[in-house]
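Heads up, the thing below is written out as structure tokens.
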Amino acid sequence: MADNKKDNVSEAKKENTNYNPQEVESRWYQYWTDKGLFHSEPDGREPFTVVIPPPNVTGVLHMGHVLNETIQDVLVRRARLEGKNACWVPGTDHASIATEAKVIKRLKEQGINKQDLTREEFLKHAWDWTDEHGGIILKQLRKLGCSCDWDRTAFTMDETRSRAVIKVFVDLYKKGLIYKGLRMVNWDPERQTALSDEEVIYHEEHSKFYYLKYRVAESDGMSLPVGEGVYKDEKGYYCVVATTRPETIFGDIAVCINPKEEKNQWLRGKHVVVPGVGREIPIIEDRYVEIGFGTGCLKVTPAHDVNDYALGQTHNLRAIDIFTADAHLNMDTVEEELQANVRKYHGMDRFECRKQIVEDLQAMGLVEKIEDYDNKVGYSERTNVPIEPRLSLQWFLKMQHFADIALPPVMNDEIVFYPAKYKNTYKNWLENIKDWCISRQLWWGHRIPAWYDKALLDEVGAEKYPQEKIVVCEGNPNEGLSEERYVQDEGALDTWFSSWLWPISLFDGIEHPDNKELAYYYPTADLVTGPDIIFFWVARMIMAGYEYTGKMPFKHVYFTGIVRDKLGRKMSKSLGNSPDPLDLIERYGADGVRMGILLSAPAGNDILYDDSLCEQGRNFCNKIWNCFRMLKGLQTADIEAPRTDRETVTWFTLCLCKAEQEVDDLMKKYRLSEALMAVYKLFTDEFSGWYLEMIKPAYGSPIAKKTYDCSMLFFERMLRLLHPFMPFITEELYHALSEREDGDTIMREDRMEWDSTALLAQDTDGGFWQEIEHVKQVVAGVRNIRAQHNISPREEITLISPKPLSELVNKLTHSKVEVGGKRPAMVATFIVGTSEYAVPLNEFIDVEAERKKLEADLAHQEGFLRGVEAKLGNEKFMAHAKPEVVEMERKKQHDALERITAIKARLEALNG
RNA sequence: GGGCGUUUAGCUCAGCUGGUUUAGAGCAUCUGCCCUACAAGCAGAGGGUCCGCGGUUCGAAUCCGUGAACGCCCACCA
């Protein structure tokens with residue numbers, strides 16, 4: 001019953017006292033963009049540039065973006081308030097492989113196969129898809145309040161960016177840094193393209209180790225010894241080769257042993273027969289084979305393993321590629337005389353074939369044993385399909401040069417990483433850099449500007465085509481020719497080959513390196529991104545930056561953590577633990593969501609997201625809203641402000657100045673969540689909890705105009721402090737606070753008069769500050785007594801104080817202060833600093849309980865005193881410690897003694 | 001196999017070059033309150049062998065060594 005009533009009252013109140021963000025947010029975003037407040041043009045002010053890490057063009061907003069973009073917006077908005085010319089450039093990424101996959105999937109749903117389309121037809125579909133689904137995410141960013149300069153919205157495959165990419169490719173080729181070559185690359189059989197090393201993700205897996213019998217060729221197997229490592233059965237001698245990938249035996253070209261390994265010496269110079277295949281292959285020797293691992297016999301399959309390929313190179317072995325591009329078995333490459341043995345596997349999927357071949361070999365008695373084995377398998381980052389090492393003709397960028405120019409600036413903090421620990425990761429990668437495979441067998445992307453002489457290509461084929469006959473140029477070499485003499489490379493470039501130019505190409509700095517925008521906006525200020533793309537993107541931007549502008553691309557890099565659910569799991573579609581940010585904004589307001597995500601997000605730390613964080617944000621908005629309502633509702637009068645108002649205003653001025661400094665300091669260190677927390681505490685505790693209660697006039701009475709004006713000023717200051725974090729509610733209240741001119745905004749440079757010295761003049765010795773801080777503690781003490789003794793807040797009490805107190809105490813505790821008055825027997829006491837206060841009680845107190853409490857307190861104080869005195873009595877301490885430390889200990893001793901005296905007196909009174 | 005990082009209240013984290021009233025914050029918890037700004041609120045309270053062990057020091061959450069647990073990155077052991 002009672003509960004129901006309670007709910008009803010609350011429900012009824014909710015109607016008109018809660019802040020309602022929805023309407024406010026759309027209205028102000030419209031206003032900001034209508035007035036062009038996010039747009040930037042070069043001018044005389046200091047620039048503050050941020051380029052967005054471009055989300056996939058067809059992506060949708062997820063919690064990771066919310067974190068990332070909120071941080072950027074906070075930095076940008078703060079810079080704007082500081083009077084800098086802030087420019088946050090938005091855009092999207094063409095995301096070559098991801099987008100192409102999506103387009104293929106859609107085409108499939110429509111019954112169309114990519115293979116049946118020409119490149120041009122496919123690209124038309126891809127652009128249609130992009131136009132249809134592209135940029136949704138940019139619209140969603142507006143809901144979050146992101147203050148991007150939308151006039152500058154770019155796309156990594158728009159004209160300017162494309163020209164930059166092609167120009168850079170040609171330039172690097174001319175510098176001899178790009179080459180084409182036949183290499184073992186990471187092949188994604190699903191998308192049928194090469195990948196860079198960074199796009200391969202290794203997973204630990206429980207797999208099997210298959211021990212296969214390779215029989216010694218008959219010609220070699222006449223009279224052999226018996227001993228350790230020598231295997232023999234009724235059919236003759238054999239060696240055992242352990243492999244995790246039995247399906248690759250069709251490409252076996254040798255078995256390798258370590259020349260130092262005793263037990264395999266008998267195999268030297270012999271030949272063995274690949275089981276089930278029938279190919280006779282030599283035993284080769286190489287120290288690469290680790291002694292003691294497996295059987296010491298390694299099958300060499302140069303076409304399907306990186307190491308085997310290297311072995312093949314040194315031992316001059318041929319490579320038999322037994323897979324098609326989509327990782328099905330291709331037996332056409334196997335020798336004709338062996339076709340009968342292997343034909344049945346033709347066309348099988350690699351994993352299906354693995355099962356089959358093992359079964360068949362077992363039937364033939366060619367499997368020695370099968371063991372469980374844990375190993376690492378590489379997966380394609382994009383398609384999540386196991387990578388197939390594959391020999392193919394690809395384009396590479398030589399990286400040593402870039403590593404050389406990109407390492408020093410980070411190590412010596414010209415470019416500062418937050419948190420700094422990622423410097424190690426960065427260093428480690430650069431010091432072990434490998435060439436970057438930049439070509440992809442995709443259509444959606446920047447097509448490689450390399451051209452081949454058609455006739456020559458037909459004649460010699462791609463693999464034999466001489467490097468020096470490749471034409472690399474920005475234009476079309478067929479231009480002006482009567483016939484199509486040159487054909488263009490079919491490949492496209494890795495997406496990151498355009499992303500790495502982003503901070504430069506956004507300002508058209510590749511094509512026009514001398515342009516005034518680049519000169520003004522570049523280097524950019526801060527880059528905010530996840531540590532997962534430190535190699536993909538951050539490192540490479542630094543490389544491109546120095547290569548093409550001679551300068552760093554950004555001064556600071558802020559690495560965010562990963563957003564996880566409250567159980568610490570990564571957010572993923574399959575787990576269904578990822579909330580929809582738009583839904584959250586609907587429920588808590590954008591400001592609430594921003595605060596929620598920021599509160600527990602120190603740089604580089606994963607954040608455990610929980611709705612309750614947004615709730616806290618929403619509640620804070622409500623708090624601000626209600627403070628405003630209260631202030632606005634006050635009646636003012638042209639009366640002199642009471643002394644308590646002057647004390648309070650002066651005290652709060654100091655609070656505010658301190659908080660502003662603190663926020664400033666924290667922001668410089670990129671400790672955003674702490675900065676926000678500082679503002680939160682200032683607003684909630686000091687302003688709402690204390691200040692407003694202190695200046696609140698008696699019921700029905702007006703407030704002094706001057707006090708009111710100061711309060712409004714404070715409020716506006718706090719709105720500004722808060723604006724970068726919570727842009728909507730602060731703009732709303734900025735306008736509600738007083739009449740503003742059309743086009744005015746809280747975002748304009750902070751020109752507010754803020755002469756705190758005038759206010760502080762009343763308090764030259766800081767006496768007010770100390771007084772109020774003391775008052776707060778006395779008030780807390782009285783409240784405590786009320787709570788403990790169940791005294792209603794409406795009941796007036798007497799407070800016996802050793803010294804006169806500010807009127808504020810009466811006001812906030814509803815008490816009558818008596819200075820040094822005589823104490824009745826029944827009192828409750830508390831100590832602030834070294835002063836003891838007493839509140840007479842009507843009821844009988846529990847003497848026993850009171851004594852216990854006092855005795856516990858006494859024990860604590862005495863323990864404390866002993867610790868202090870031990871130090872002061874220690875000669876070495878007195879000799880070594882700094883004078884101010886000793887002084888502090890003396891003060892501690894003095895205070896402790898006073899408190900002990902007071903407690904003892906109180907105990908005696910209790911007893912007596 | 002290398003490298004890096006973390007370990008402080010139930011949870012998320014501050015605590016910088018050792019000394020600031022015998023360790024702080026927010027959230028959560030418990031108790032009492034709808035008192036005309038706010039119950040999405042207010043007031044109060046409880047809660048910690050600062051991962052273990054050893055060392056340096058007058059003094060250690062803080063510095064050094066060592067062990068453990070967890071996390072991340074890199075690496076070709078088939």
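Since this is a predicted model, take the numbers as computed values, not measurements. Naming: A, B, ... by sequence-line order, numbering from 1 per chain.
Residues from residues 202-214 of chain A that place a heavy atom under 4.0 Å from any atom of RNA chain B: there are none.
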* To do: For nucleotides 21-26 of chain B, just jot down a letter per nucleotide in 5' to 3' order: B, S or -, based on protein non-hydrogen atoms under 4.0 Å.
  => BB--SS

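Within the structure, every side-chain polar atom (N or O) of A:Tyr426 is placed at least 4.0 Å from both OP1 and OP2 of B:C4. Regarding contacts with the backbone of B:C74, every side-chain N or O of A:Lys427 stays at 4.0 angstrom or more from both OP1 and OP2. One finds a side-chain N or O of A:Asn619 lying less than 4.0 angstrom from the OP1 or OP2 phosphate oxygen of B:G41.
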Please list, pair by pair, any protein nitrogen or oxygen found under 3.5 Å from a nitrogen or oxygen in nucleotides 57-64 of chain B.
| residue | atom | partner | partner atom | Å |
| --- | --- | --- | --- | --- |
| B:C58 | O2' | A:Asn874 | ND2 | 2.9 |

For nucleotides 11-14 of chain B, print each protein N/O atom paired with a nucleotide N/O atom at under 3.5 Å, atom names and distance only.
| residue | atom | partner | partner atom | Å |
| --- | --- | --- | --- | --- |
| B:A14 | O3' | A:Arg671 | NH2 | 2.9 |
| B:A14 | O2' | A:Glu674 | OE1 | 3.4 |

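With B:G44, B:C74, B:A75 as the choices, the nucleotide that has an atom nearest any side-chain atom of A:Asn784 turns out to be B:G44. The nucleotide whose nearest atom lies closest to any side-chain atom of A:Lys376 is, among B:C42, B:C76, B:C74, B:C74.
Between A:Lys566 and the options A:Asp606, A:Asp610, A:Asp611, a salt bridge (charged side-chain N to carboxylate O under 4.0 Å, His left out) holds for only A:Asp610.
Evaluation of the ring pair (Phe, Tyr, Trp, His ring centres under 6.0 Å) test over residues 586-615 of chain A, restricted to residues two or more places apart or in two chains, returns none.
Contact check on A:Glu388 versus A:Arg245 returns a salt bridge, with a Lys/Arg side-chain nitrogen under 4.0 Å from an Asp/Glu carboxylate oxygen.
Nucleic acid contact for A:Ala780: sugar-phosphate only, since backbone atoms but no base atoms lie under 4.0 Å from a heavy atom of the residue.
Where RNA chain B pairs in unbroken runs of 3 or more (Watson-Crick or G-U, both distances under 3.5 Å), the stems are B:1-7 with B:68-74, B:10-13 with B:24-27, B:29-33 with B:41-45, B:51-55 with B:63-67.
The distance between the ring centers of A:Phe715 and A:Phe683 falls below 6.0 angstrom.
Taking atom CE on A:Met630 and atom C1' on B:G41, their separation rounds to 15 Å, with Å as the unit.
For CD of A:Glu371, the number of neighbouring non-hydrogen atoms (other residues, nucleotides, ligands) closer than 6.0 Å is greater than 12.
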